[in-house]
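When a ligand or atom number is given, it counts from 1 through the structure's own listing order.
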Amino acid sequence: MAKKWVYLFTEIEEVEKQVGGVWDAVRSLLGGKGANLFEMTRIGLPVPPGFTVTTEACNAYLAAGGKFPEGMWEQEVAAMKATEKVTGKGFGDPNNPLLVSCRSGSKESMPGMMDTVLNIGLNDITVERLAKLTDNPRFAWDAYRRLIEGFGKVVLDIPDTSFEHALHTLKDKVGAKMDFDLTPDQLQGLAAEYKAIVKKHKGFEFPQDPYEQLRLATEAVFRSWNGKRAVDYRKHEGIPDTLGTAVNIVTMVFGNMGSTSGTGVAFTRNPSTGEKAVYGEYLINAQGEDVVAGIRTPEKVARMAQDLPEAYAEFAKICQILENHYKNMQDVEFTVERGKLWMLQTRNGKRTAAAAIKIAVDMVNEGVITKKDAVLRVSPNDVDSLLHPQFDAAAKKVAAKEGKRLGVGVNASPGAAVGRAYFDADTCEEKAKEGPVIMVRQFTKPDDVHGMIAAKGILTSEGGATSHAAVVARQFGRPCVVGAASIKIDMESRSMTADGVTVKEGEWISVDGSTGEAFVGQIPTVAPKFEEQTDLLTLLDWADEIAAEPGSRQPGKSHSPSRGLQIWANADYPADARRARNFGAKGIGLTRTEHMFFEVERLPIVQRMILAKDSASRTAALDELLPYQRKDFDGLFEAMTGLPVIIRLIDPPLHEFMPDEEKLLEEVIEMRLKGETEGLAEKESLLADIRNLHESNPMMGMRGVRLSIMMPEIVEMQVRAIFEAACDVAQRGFDPHAEVMIPLTGTINELKWVQPRLERIAAAVQAEKGQKVDYKFGTMIEIPRAAVTAAEIATLAEFFSFGTNDLTQMTFGYSRDDAERNFLLKYVEEGILPFNPFQTIDREGVGRLMETCVEEGRKARPDLEVGICGEHGGDPSSIEWCHLIGNNYVSCSPFRVPVARLAAAQAAVKHWGK
Ligand code: PEP
Ligand code: MG
């Protein structure tokens, strides 16, 4: 049998047989619009009769360089004959003409990107007949001139302006304000003029044969798949070029046949709030394009209940049927022709984040969908956008129009921030006492953190998504844009320039961390509150339930944990821990203790400790630090009572705590030149000490556990502070669970050296305090060697936490500080890397190491707790990977916790029982 290229709307069963019954395949073959027209026909809704030419036909046509595949045209003609039969009209029949539209429609929605031709079947003869049959010559001539115009533009490529010019000239001449002020005679004249335009541009007459019109229109729709608009849109949206478009031939129904006719577009629920009420617009006595073109101001669709009560009642019923059928909010187009309702389109409606969440939760409560469906309905981005203040969209548009946009960089940490711009951390901290500030820097370093904490937002001209600024901003929930390269900061004049705009220090700027934009001036914001978002809270509770269900485990994997993937948070301060808990975190997965060392009153003690010439003076300095650390940990344990808190021992190389070498050198040179002697010797000695600490590659130098072995006194103090705090907190009636984490382990021998010493301190403190606390010792897995030798490492480590920032750095051999700045962007652009591996886990490389590590580690210690605390912990794809390899938890910045809760449940549902 010849291949079938054309299906009648009534032939859904045949289509399903052809593609194996899978709805996705039906959509691939018929396009989204076509598939839903078939489905609406199947469930008995009033769809005008018609048929669809498949996407396969389109692809075959394009592949053959513009030739219909064999048999297609004959099938199209046969389908037209069948349509004539059901409508009782004839295509080109002068007595009772059948008119059709020819509409594009690919699998993925590409609104307005491809072509459509209406009123096919009209010609010089049928138009006259239509005028008589409808007793409405105005309507008939208007339809005809619209066909010639649409056909001329879309099929024959005649510039729009030719037709528009003719229309305007006529309106001016007869003094008509609107199109509908034109009389039948004037419209008839216009049709003749349009035909003359066709002749002039193409050298042939406007085709009078309806089948010729249909053939050319079908070809035009096929061709529009490769039109520039469509190609650009697909590129932007990541829609494959191979899908092709279907062509839907639908019997025309007219909403412009008097006061019992009308047309409209509507959503079955409010797409902006999610409220359950039909929402949309309609126009009485009008054609669909009038609604879209805004020629007349449409009424609210609810108004139809008064104008056309019967049609409205049926419409409302159909909206409910469609929602129940598709189990989703629908976006529909309809027409009422002389009191009779026709459905022209339905599809899942686009919606705002707030609406997406409300609709998902409501539909579960209405019994339409399951909790698992609901969790899949909402995107992690939807959740994210509800947690951060957002700029008022209209105000932002105006600012952009007024040329106030300073530049666009990487959207490193979402949300909207408005404040006065300051260019260094100290000034930010100072000025923040007077009002909101935005910290603007080329890039940030650990000693900028106090300024970042004080700032409402952060903007840098360099750096990528895992630069220091980005990581810290996310951790503190500060909106942040990094790498806005158009911005040039001039510290001399204390101003910045971008795209011709100069901003002086202290001027207001606005930073949109959700989109990566920065503006001069104050853009108004709207701020949501997590606790008040009841629908979101409900959805996330369901997400937690789903992730914890036994079915979410990976069967056949002996290493899968006994409960589902949990979400923990990275937090250094009690306030962050409280926030994380409020967002639903079930533990703290990383406390970076060194951040605490940078605080103003502690840094000098830390420096003294580093520069100590002997163990005794080092211990003296550490004794001074101990109460500070104890207090830090005390607050964390209290905030997280009943839940685990992982505290990582000191990790960065020591030079990070010292004054800047270059700056100090300049000071020494200047003093020498000026002959100043007072304090010079101390400065020279300090300079020598800093130089002593210099390493050519500090990221791979004396940091992490290596530092603990070379200077054990520091971590000994830290462990004492941890256990003193835990015992104190327990004695106050709280329930601390301390997990001490050793960073950057590469071999079991490092743990063998350091861990027993620390365990002895833990035991000693508990004995001193007469208090037992729950605790664990474990390690970070950040070095490939540790991942590969996990079975050995797990003999001592009671938990693993993947530090995927370092693990990615070491596996690829890319410096995390340099890669994003220098070459990573190009690598992604050129397709050398599919994405930035510092944002999303590289499953084939880094991910494989993680998987092996979990398997090996749990062989040695079946109850080994495994988590991740690198920046990937907040990334949905990486969370999915952690689910697949059997992690116990992912830990991310507090503001990412809700997003991660959703992503964990989505991973569980997606791989349910697989
Ligand atoms: C990591 O390496 O992933 C990690 C969490 O540690 P840091 O970023 O502090 O090196
Ligand atoms: Mg690390």
Side-chain angles (χ1 to χ4, degrees), residues 412 444-446 449 463-476 568-572 576 587-598 645-657 697-708 718 739-746 750 778-787 799-820 836-842 845-847 849-850 853 866-875 878-879 881-882 887 889-894 896 900:
T444 66
K445 294 192 301 227
V449 168
T466 54
S467 59
H468 178 265
V471 172
V472 175
R474 275 197 289 275
Q475 166 149 23
F476 295 124
W568 297 13
N570 295 356
D572 298 348
D576 299 329
I588 297 298
L590 173 65
T591 297
R592 287 182 168 101
T593 49
E594 58 276 2
H595 282 173
M596 302 159 174
F597 288 180
F598 281 108
V645 176
I646 296 188
I647 296 173
R648 179 179 75 183
L649 303 177
I650 189 167
D651 183 32
L654 293 179
H655 77 90
E656 283 196 10
F657 301 101
N697 192 344
M699 265 284 154
M700 295 175 126
M702 197 171 83
R703 56 176 286 224
V705 67
R706 304 158 205 166
L707 177 62
S708 305
Q718 290 193 303
E739 301 197 10
V740 182
M741 181 153 77
I742 297 166
L744 228 65
T745 302
E750 287 168 322
T779 184
M780 292 190 76
I781 303 290
E782 300 176 277
I783 294 188
R785 192 183 188 285
F799 67 88
F800 285 173
S801 174
F802 290 111
T804 44
N805 302 333
D806 272 309
L807 191 60
T808 301
Q809 159 167 281
M810 311 256 186
T811 303
F812 276 92
Y814 297 164
S815 152
R816 40 200 268 216
D817 291 337
D818 301 320
E820 289 188 316
N836 178 347
F838 287 103
Q839 272 172 359
T840 299
I841 283 174
D842 148 53
V846 177
L849 276 174
M850 293 168 72
C853 176
V866 182
I868 170 180
C869 64
E871 285 308 297
H872 304 84
D875 167 65
S878 308
I879 291 171
W881 182 247
C882 289
N887 264 21
Y889 68 88
V890 298
S891 185
C892 54
S893 66
R896 295 292 286 172

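- Contacts between N570 and ligand 1, counted as non-hydrogen atom pairs separated by less than 4.0 Å, are absent for every part of the residue.
- Residues meeting the side-chain contact (heavy atoms from CB on, under 4.5 Å) test with S708, sequence neighbours left out: V715, V754.
- Taking distance alone, with nitrogen or oxygen atoms compared against 3.5 Å, E594 stays at or beyond that limit from ligand 1.
- Contact annotation: H872 has no heavy atom less than 4.0 Å from any atom of ligand 1.
- No side-chain donor-acceptor contact under 3.5 Å links E871 and T804.
- For the pair I841 and H872, the tightest heavy-atom approach, listed with the atom from each and the gap, is N-CD2, 3.4 Å.
- Heavy-atom neighbours of M702 CE from other residues, nucleotides or ligands within 6.0 Å: above the threshold of 12.
- Atoms of ligand 1 lying under 4.0 Å from any heavy atom of G803, numbered from 1 in the order shown and given with element: 1 (C), 2 (O), 3 (O).
- Close to ligand 1: R703, with a non-hydrogen atom less than 4.0 angstrom away.
- Residue E871 places no N or O, backbone or side chain, under 3.5 Å from any N or O of ligand 1.
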Assess whether side chain to side chain contact (heavy atoms under 4.5 Å, CB included) is satisfied between I588 and N570, documenting all intermediate values. CA-CA 6 Å; I588 297 298; N570 295 356; over 6 Å; no
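- When atom types are taken as modelled, the side chain of R706 and the backbone of G701 share a donor-acceptor pair closer than 3.5 angstrom.
- Looking at R648, its side chain never comes within 3.5 Å of a backbone N or O of R592 through a donor-acceptor pair.
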Report the C-alpha separation of K445 and E656 in whole Å, then their side-chain angles, then the decisive distance to 0.1 Å, and conclude whether the salt bridge (charged side-chain N to carboxylate O under 4.0 Å, His left out) test is met. CA-CA 9 Å; K445 294 192 301 227; E656 283 196 10; over 6 Å; no
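- Ranking protein heavy atoms by distance to atom 10 (O) of ligand 1, first place goes to D806 OD2, 3.0 Å.
- Looking at D651 against ligand 1, only its side chain comes within 4.0 Å, counting heavy atoms.
- Atoms of the protein (N, O or S only) found under 2.8 Å from the Mg ion (ligand 2) are E782 OE2, D806 OD2.
- F657 pairs by the ring-ring contact (aromatic ring centres under 6.0 Å, His included) definition with F597, F598, not counting sequence neighbours.
- Distances from ligand 1 to the non-hydrogen atoms of Q809 include no value under 4.0 Å.
- For R816, the closest heavy-atom approach to ligand 1 falls below 4.0 Å.
- The minimum heavy-atom distance linking A569 with S891 is given by the pair C-OG, 3.0 Å.
- Judged as a ring-ring contact (aromatic ring centres under 6.0 Å, His included), and not counting sequence neighbours, F799 has no contacts.
- Regarding atom 6 (O) of ligand 1, its nearest protein heavy-atom neighbour is R648 NH1, 2.9 Å.
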